[in-house]
Amino acid sequence: MYTKRTMPVIALGAVAAMMMAGCAATPAEDEDVTLNFAWWGADDRAAMYEEALDIYREENPNVTITTQSAGFADYWTARSAEAASGSLPDVLQTDLSYLDEYSANGQLLDLTPYLDDGTIDEAGFDAALLASGEANDALVALPTGSNMLSVITNLGLVEKAGVASPELGYTWEDYYTYLTSISAAGITTDAGQPVYGGGSIAGNIWSFLLWLVQQGIDPVASDGSLGFGEDEVVAWLELAYPDELRDSGELFPIDRLASLAPLDGFGAQEAALQIQYDNFLATYAAQTESTQLSLQPLPVVEGTDPLYFSKPAMFLSIGANSEHPAEAAKLISFLLTDPRVGEIFGTSKGVPAYDAQREAVLDGADDTVKAILAYEESIAEYATAPVPVLPHHSTLESKWSELIERLMYNDITREDFASEWFAEVDIALG
Amino acid sequence: MTIQRIRPPRRRVGEGVAGYAFLLPWLLGFLLLTAGPMLASAYLAFTDYNLFRAPQWVGLDNFERMLGDDNYHQAWRVTLLYVLVGAPLKLAAALAVAVLLNRVTRTRSFYSSAFYLPSLVGASVSIAIVWKAMFIEGGVVDQAGSLIGITGGWVGDPSRTLPMLVLLSVWQLGAPMVIFLAGIKQVPPELLEAAALDGAGPVRTFFRVTLPMITPVLFFNLLLEIINSFQIFGSAYIISNGTGGPARSTLFYTLYLYVRGFQDFQMGYASAMAWVFVLVIGGITAIMFRSSSRWVYYSGGR
């Protein structure tokens with residue numbers, strides 16, 4: 001019979017057993033490998049990834065790939081928590097603006113050994129693009145493709161407004177003339193919402209950086225500090241968000257954005273123009289269900305020749321804490337070089353950086369892909385500037401967006417904007 | 001006369017050990033998940049820590065930065081406004097509903113449950129999403145409001161986002177309401193009868209008899225509500241999409257802390273903010289307890 005002594009012991013044993021059950025299972029066999037793969041993007045990208053991964057899973061039955069995805073901001077919040085605990089996914093999608101921070105402490109694996117031993121074919125990659133994945137003296141990321149800034153235009157709305165699109169070589173001031181004339185036409189959507197030419201271009205920090213580059217200003221000085229000051233920022237804001245436009249109501253109203261989320265003005269067909277990287281054409285085409293979207297070149301600074309840059313769209317990296325780096329490298333090689341993956345994705349991750357994928361994309365090209373390739377071809381001769389990425393770009397970009405919102409709600413002046421943004425620069429760089 | 005000392009019965013050693021053994025899982029959880037991180041963040045508050053490299057000691061820099069940080073002051077403004085307006089409003093509404101329910105006898109349990117339900121699910125993500133969809137331009141509230149002249153969405157208007165969140169908080173009045181109801185029921189009926197005999201109407205009875213008698217319950221609810229209001233995060237995060245917008249109108253302290261810590265990789269600064277927050281809430285709680293002896297009446301005697 002159980003005495004008063006043995007009961008506590010039995011109960012203690014039961015508790016201990018329950019605690020142990022929570023512990024991790026025994027490690028898998030050598031052949032069976034589980035890889036974690038994380039990316040950011042909308043639903044269309046998730047569907048494409050799963051399609052591509054299914055092909056890989058069929059051909060590599062010993063590899064189990066667990067996937068996770070999120071929106072851009074949430075994605076990086078999750079990655080930062082994982083970076084702190086050393087549990088980054090085996091394969092993760094990365095962005096140019098985060099390479100600096102993540103590689104500074106060896107959070108991303110150096111991929112050079114996998115290029116050297118042939119796991120990933122180096123020869124087929126565009127050399128300049130490949131080099132863009134270098135940070136802190138290591139090749140920590142491989143580019144999926146490249147893209148360029150463009151004015152994504154809803155030709156249907158532009159024609160409805162009866163306005164003519166400007167030709168290549170038009171100035172930043174001309175852009176606003178074009179935009180306001182669309183707003184002034186007074187057209188509406190099917191639901192009766194007013195259609196605007198577009199929002200202020202001040203909000204996109206890449207437009208600002210392009211504008212600097214076009215004036216011959218290098219955004220990053222050789223010692224790593226910024227090559228411009230508050231005056232340039234204020235001058236940009238005066239160009240991109242002048243008082244007349246603010247008061248005239250011809251810009252897409254910022255408070256409408258809150259109502260439309262997660263779509264933006266362009267995606268909801270309430271704006272005719274959107275300055276964005278050209279790979280967004282696929283997402284916008286899906287959101288607007290319009291076949292009349294077109295890519296137009298960005299404006300130029302008065303009196304200069306067109307000058308643009310080509311930016312690596314995104315990268316794939318391996319977390320330095322990965323237990324199966326070789327398998328992860330094989331998966332990356334598949335995703336970046338296999339022509340079938342190119343056919344699935346088209347140009348939604350940029351114009352592919354690897355030649356075999358690029359050719360596959362050209363072959364199976366649908367209208368969106370053809371449009372992007374044609375656009376990049378048309379301005380290829382002008383796309384010679386290096387990518388103006390800032391140090392700690394991600395932090396500075398989000399501070400820029402936060403301050404733009406306050407500027408547009410008339411919370412701060414342009415001068416306040418410049419001084420607050422530079423205060424953040426000091427904290428980030430200092 | 002000998003005085004016998006009565007000794008407490010001797011405890012057997014095994015019983016104490018068994019108690020601690022059962023406590024062990026919870027104790028481990030507390031140490032590893034609560035106490036440990038709290039101590040770690042107390043250390044991190046004096047460092048510059050960006051999650052990627054080891055923390056670097058900077059002394060009081062983070063606290064100095066707080067004094068000059070305009071976003072930080074805005075976070076305090078928004079949070080204090082929410083607490084000082086929202087908590088009393090919620091409690092007043094809860095008390096009003098409790099008084100009304102006190103008179104209902106047959107369907108009281110249905111109404112109690114109906115009012116209590118929102119407070120169970122209120123802080124969840126799904127409710128925040130639904131609330132946002134209700135208050136957006138063209139949503140239910142906009143359509144209903146246009147009947148009485150309040151047009152336009154609430155989500156995109158910086159002057160309406162805080163009222164919207166206060167309404168969300170007031171909607172969850174069920175939990176304090178149930179406690180108030182219990183407190184009102186405890187008011188000695190002799191006092192109410194005496195008041196009626198003296199010719200006091202319902203309003204006078206409420207303010208002169210009921211309210212003073214339920215001050216312990218009021219104190220409890222007030223304390224809990226204030227602490228709860230300070231901790232708002234989930235609804236603000238969802239409704240503002242993690243930005244604290246529009247134009248920083250929903251930049252609550254906890255949200256700003258989260259943004260600084262997890263989006264800007266400034267963990268040292270976020271830890272410093274967290275500890276200032278704890279100290280302020282602790283201070284407010286201490287002041288409330290001190291003042292309670294003046295206005296809270298415990299009928300059982302101290």
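Below, read A as the first sequence line, B as the second, and so on, with proteins coming before strands; counting in each chain starts at 1. Predicted model, so just to flag it, every value in this text is computed and none were measured.
Put simply, the side chain of A/Ile427 reaches to within 4.5 Å of the side chain of B/Arg65, judged on heavy atoms. For the pair B/Asp264 and A/Ser398, the minimum side-chain heavy-atom distance is below 4.5 Å.
Looking at A/Ser80, the atoms closer than 4.5 Å to chain B (heavy atoms on both sides) sit in the backbone and in the side chain alike. Heavy-atom distances place no part of B/Asn50 under 4.5 Å from chain A, backbone and side chain included. Of the two parts of A/Asn410, neither the backbone nor the side chain holds a non-hydrogen atom closer than 4.5 Å to a non-hydrogen atom of chain B. With a 4.5 Å cut-off on non-hydrogen atoms, B/Tyr269 does not touch chain A at all. With a threshold of 4.5 angstrom between heavy atoms, B/Tyr20 does not approach chain A through any atom at all.
Between atom CD of residue B/Gln266 and atom OG1 of residue A/Thr395 there is a gap of 7.0 Å, rounded to the nearest 0.5 Å. To the nearest 0.5 Å, atoms CZ (B/Phe265) and OH (A/Tyr102) are separated by 4.0 Å. Here CG of A/Asp416 is found 9.0 Å from CG of B/Asp70. Values are rounded to the nearest 0.5 Å.
Atom CG of A/Asp243 has more than 12 neighbouring heavy atoms from other residues, nucleotides or ligands inside a 6.0 Å radius. Around atom CG of A/Asp247, more than 12 heavy atoms belonging to other residues, nucleotides or ligands sit under 6.0 Å away. Other residues, nucleotides and ligands contribute more than 12 heavy atoms inside 6.0 Å of the OH atom of B/Tyr237.
Residue with the most contacts toward chain A among B/Pro158, B/Ser240, B/Ala133, B/Pro246: B/Pro246 (heavy-atom pairs, distance under 4.5 Å).
A donor-acceptor contact closer than 3.5 angstrom links the side chains of B/Asn71 and A/Glu402.
Between B/Arg260 and A/Glu424 there is a salt bridge, since at least one side-chain N of the basic residue sits less than 4.0 Å from a carboxylate O of the acidic one.
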